[in-house]
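When a ligand or atom number is given, it counts from 1 through the structure's own listing order. The structure presented is a predicted model; accordingly, all values stated were derived computationally and were not measured. Atoms considered below: every heavy atom in the structure, side chains included; atoms not considered: hydrogens, waters and symmetry mates.
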Amino acid sequence: MDLMEKLSESKAYIESKLGGRKPVIGLILGSGLGDMAETIGEPAIIDYHDIPHFPVSTVPGHKGRLVAGELEGKTVLCMQGRFHYYEGYSMEEVVYPIRVMKMLGINALFLTNAAGCVNTSWKPGDLMLITDHIKLIADNPLRGSNPDALGARFFDMTQAYDKDMVALASKAAEDLSIEVRKGVYMLFTGPSFETAAEVRFARLAGADAVGMSTVPEAIAASHMRMHTMGISCLTNMAAGILDQPLNHEEVLETGERVKKTFSALVREIVKRWPEEKL
Ligand code: HPA
């Protein structure tokens, strides 16, 4: 079965569970933001493992489900749990849900994640609007035969993170008195955190944050000409900046500390997401 046939079957199954809801924004909740899905009104909930052709979760106890419903006056389709490259999925598997979203008629994508802070003027707990990314690793979700029905073989990435949406998000943050940064996100495969030398290299290369997600999704979304924006919660100073080892607990703790602010900002952006970017 080819990709388009698989996508059609996934789409048909999801549609049959949506009860007529027509989601317009795809929302990917990164570490720490998962709870936001619980605030979605009148939700339709679909487990990933029930969706034909969806990647199968390898992580025990991992919450993997779509939650569709109302958020700030918009119908959203939310991924509670995403697929990471470091879990062993191919890049194509990682972006499969984004393609299903597009098949469902969604043209707007909101990506969130937790990331390490490379910019030494910033601090853990800061939120960063992603203006661009660096993908140093060779793999790419569009490597291989091009699914022409989804997009062109060669495609622009200069608007991968919609500039108007960055401006809109900046204004929303200002109105809520939330301080936000703007910067460049650099993808590392993980699951090892970066070395101190890799973080120095990332900074020299122009990165403000490092992380293990988001980039494949943004590439697939650009291929399909979706309007995309991303926010990183900078949960920790990246390796080697402070004189202490990195640990996952710090990532979770900071995520917990800022999740109220982070979700307030996400909601405000959803509320203001303009008609012409849907
Ligand atoms: N590196 C990579 N990914 C991350 C980090 C980090 O320091 N913190 C949270 N996600």
> Has the side chain of Thr75 got a donor or acceptor atom that lies under 3.5 Å from a matching backbone atom of Glu70?
no
> Does Tyr89 reach the main-chain N or O of Val95 with its side chain, forming a donor-acceptor pair under 3.5 Å?
no
> Within the side chain of Lys11, is there an N or O that forms a donor-acceptor pair under 3.5 Å with the backbone of Lys102?
no
> Specify the protein heavy atom at minimum distance from atom 5 (C) of ligand 1: its residue, its atom name, and the distance to 0.1 Å.
Gly116 N, 3.3 Å
> Run through Asp126, Thr214, Asn113 and flag the one making a side chain to side chain donor-acceptor pair (under 3.5 Å) with Ser232.
Asn113
> In the protein, which heavy atom is nearest to atom 7 (O) of ligand 1, and how far is it?
Asn236 ND2, 3.0 Å
> Please check this pair: side chain of Gln80 against backbone of Arg65, looking for a donor-acceptor N/O pair closer than 3.5 Å.
no
> Give the atom numbers and elements of ligand 1 that come within less than 4.0 Å of a heavy atom of Ala114.
9 (C), 10 (N)
> Enumerate the atoms of ligand 1 whose separation from the nearest heavy atom of Thr235 is less than 4.0 angstrom.
8 (N), 9 (C)
> Does some non-hydrogen atom of Phe188 fall short of 4.0 Å from ligand 1?
no
> Any atoms of ligand 1 less than 4.0 Å from a non-hydrogen atom of Leu246? List them with their elements.
7 (O)
> Suppose I only count heavy atoms of Met212 and a 4.0 Å limit; which atoms of ligand 1 are within that range?
2 (C), 3 (N)
> Can you tell me if Arg267 and Thr39 form a side-chain donor-acceptor pair at under 3.5 Å?
yes
> For Tyr13 and His53, which I'm curious about, is there any donor-acceptor pair between the side chains at under 3.5 Å?
no
> If you measure from each non-hydrogen atom of Ala115 to ligand 1, which part falls under 4.0 Å: side chain, backbone, both or neither?
backbone
> From Ile241 CD1 over to Asn236 CG, what is the distance, rounded to the nearest 0.5 angstrom?
9.0 Å
> Which protein heavy atom lies closest to atom 1 (N) of ligand 1, and at what distance to 0.1 Å?
Glu194 OE1, 2.8 Å
> Return the closest protein heavy atom for atom 3 (N) of ligand 1 as residue, atom name and distance.
Gly211 CA, 3.5 Å
> I need the atoms of ligand 1 closer than 4.0 Å to a non-hydrogen atom of Val251, numbered in the order shown.
8 (N), 9 (C)
